[in-house]
Amino acid sequence: MSFKCFRFVMLMFLLTFTSHSHVSGSYIRDKKHSNYRSFPNQFLIPQNIARAAVGLHPLVWDEKLTHYAQWYANQRRNDCALEHSNGPYGENIFWGSGIGWNPAQAVGAWVDEKQYYNYWHNSCVDGEMCGHYTQVVWGATTKVGCASVVCSEGKGTFMTCNYDPPGNYYGERPY
């Protein structure tokens, strides 16, 4: 499949993914669309759309990274602390108050940081974050695995994605 074709397909996935309302927090409504709305694809599709927008190849879902992400998310289950694992992978983390948060919302928060990234200066706008976005679009990254937990005692929802190879190396552009 050509890269132009891939970008079109990803756009169609996004339109399909976002055009149906969810029921009870689940995006799987029927067998025909269940693959597009699977847990991995809820993370993958919006990240791959962001990557396609800057001419990058898609990330692939990786079970080893998923297990790591789930292991770390479980560590945050009791406190929902927005702290990084400091592991060997690139990492994006998300916390949302309450329950009902979905992966696309977490990825959306990361990708929305694009507005604060200046490619020509390879920096964030003063006082703003853009490192989650640059990790999503790090050109050398090929694999991702993600996890989500609802934290105890109503502390919210914690999500994490881990990336391999990692990105965000000081002084290097993401793509």
Side-chain angles (χ1 to χ4, degrees), residues 10 14 17 25 27 38-119 121-152 155-175:
M10 292 308 296
L14 177 64
F17 181 70
Y27 278 83
S38 69
F39 183 76
N41 280 339
Q42 289 181 52
F43 282 106
L44 271 174
I45 291 170
Q47 290 188 83
N48 283 336
I49 289 169
R51 291 174 65 84
V54 294
L56 298 173
H57 290 287
L59 297 172
V60 296
W61 193 256
D62 183 83
E63 287 303 317
K64 180 179 176 184
L65 293 171
T66 301
H67 288 295
Y68 181 86
Q70 189 63 62
W71 168 82
Y72 186 64
N74 289 339
Q75 306 304 304
R76 300 277 57 101
R77 186 181 301 273
N78 291 325
D79 61 11
C80 226
L82 203 53
E83 297 175 7
H84 284 281
S85 70
N86 298 314
Y89 307 112
E91 184 172 72
N92 279 342
I93 56 176
F94 171 88
W95 171 81
S97 173
I99 61 172
W101 292 93
N102 65 60
Q105 290 169 310
V107 175
W110 301 330
V111 171
D112 281 349
E113 291 179 3
K114 178 180 184 175
Q115 65 187 311
Y116 304 120
Y117 177 65
N118 182 316
Y119 181 83
H121 292 116
N122 193 31
S123 64
C124 301
V125 171
D126 285 342
E128 300 293 344
M129 293 183 67
C130 65
H132 299 100
Y133 168 72
T134 55
Q135 177 58 79
V136 168
V137 297
W138 198 263
T141 300
T142 59
K143 302 181 286 188
V144 66
C146 307
S148 174
V149 295
V150 173
C151 299
S152 61
K155 292 180 181 138
T157 302
F158 180 88
M159 291 186 227
T160 180
C161 286
N162 291 97
Y163 303 85
D164 194 39
N168 285 340
Y169 290 106
Y170 184 76
E172 293 184 26
R173 284 190 168 83
Y175 51 91

Minimum heavy-atom distance Y89-P166, with the two atoms named: C-CB, 3.8 Å
Any idea which heavy atoms bring M159 and A106 closest together, and the distance? SD-CB, 3.7 Å
Just by distance, do the side chain of N102 and the backbone of Q105 share a donor-acceptor pair under 3.5 Å? yes
Set of side chain to side chain donor-acceptor pair (under 3.5 Å) partners for R173, sequence neighbours left out: none
For I99, look at atom CD1 and say whether over 12 heavy atoms of other residues, nucleotides or ligands are found less than 6.0 Å away. no
Please confirm whether the backbone N or O of A147 pairs with a side-chain atom of Q70, one donor and one acceptor, at under 3.5 Å? no
Shortest non-hydrogen separation from N122 to P174 and the atoms involved: OD1-CD, 3.7 Å
Applying salt bridge (charged side-chain N to carboxylate O under 4.0 Å, His left out), which residue pairs with at least one partner in residues 130-150 are found, sequence neighbours left out? K143-D164
Within the distance-only criterion (no hydrogens, no angle test), does the side chain of T141 pair as donor or acceptor with the backbone N or O of P165 below 3.5 angstrom? yes
Applied to residues 92-102, the salt bridge (charged side-chain N to carboxylate O under 4.0 Å, His left out) test, sequence neighbours excluded, yields none
What residues form a side chain to side chain contact (heavy atoms under 4.5 Å, CB included) with W71, not counting sequence neighbours? Y68, Q75
For the side chain of T142 and the backbone of V60, is there at least one donor-acceptor N/O pair under 3.5 Å apart? no
List the residues meeting side chain to side chain donor-acceptor pair (under 3.5 Å) with D112, not counting sequence neighbours, and say none if there are none. none
When rounded to the nearest 0.5 angstrom, what is the spacing between SG in C130 and OH in Y117? 7.0 Å
In sequence, state the C-alpha distance, the side-chain angles, and the governing distance for Y133 and Y116, and then conclude on side-chain contact (heavy atoms from CB on, under 4.5 Å). CA-CA 9 Å; Y133 168 72; Y116 304 120; over 6 Å; no
Can you run down the side chain to side chain donor-acceptor pair (under 3.5 Å) pairs that involve residues 91-101, sequence neighbours left out, and say none if there aren't any? H84-E91, S85-E91, E91-N162, N92-Y163
Return the CD to CD distance between Q135 and E113, rounded to the nearest 0.5 Å. 11.5 Å
Rounded distance (nearest 0.5 Å) linking atom CZ of R51 with atom CD of Q47: 8.5 Å
Give me the ring orientation class for W110 and H132: parallel if the planes are under 30° apart, tilted from 30 to 60°, perpendicular past 60°. parallel
Quick check: does any side chain N or O of E128 sit under 3.5 Å from a backbone N or O of C124, one acting as donor and the other as acceptor? no
Side chain to side chain contact (heavy atoms under 4.5 Å, CB included) partners for A140, two or more places apart: W138
CH2-SG distance between W61 and C161, expressed to the nearest 0.5 angstrom: 6.0 Å
Mark yes or no for whether N48, through its side chain, and L59, through its backbone, hold a donor-acceptor pair below 3.5 Å. yes
Qualifying disulfide bond (SG atoms under 2.5 Å apart) pairs, either residue in residues 39-81, two or more places apart: C80-C151
How far does CG of N74 sit from OG1 of T160, to the nearest 0.5 angstrom? 11.5 Å
Non-neighbouring partners of D126 that pass side chain to side chain donor-acceptor pair (under 3.5 Å), sequence neighbours left out: none
Side chain to side chain donor-acceptor pair (under 3.5 Å) against N168, all qualifying residues, sequence neighbours excluded: T134
Say you draw a straight line from OG of S148 to CD of Q42; how long is it, rounded to the nearest 0.5 Å? 9.5 Å
How would you list, by chain and number, every residue that makes a side chain to side chain contact (heavy atoms under 4.5 Å, CB included) with N78, sequence neighbours excluded? S152
Can you name the ring-ring contact (aromatic ring centres under 6.0 Å, His included) partners of Y119, sequence neighbours left out? Y175
Determine the minimum heavy-atom distance between G145 and T66, stating which atoms define it. CA-OG1, 3.4 Å
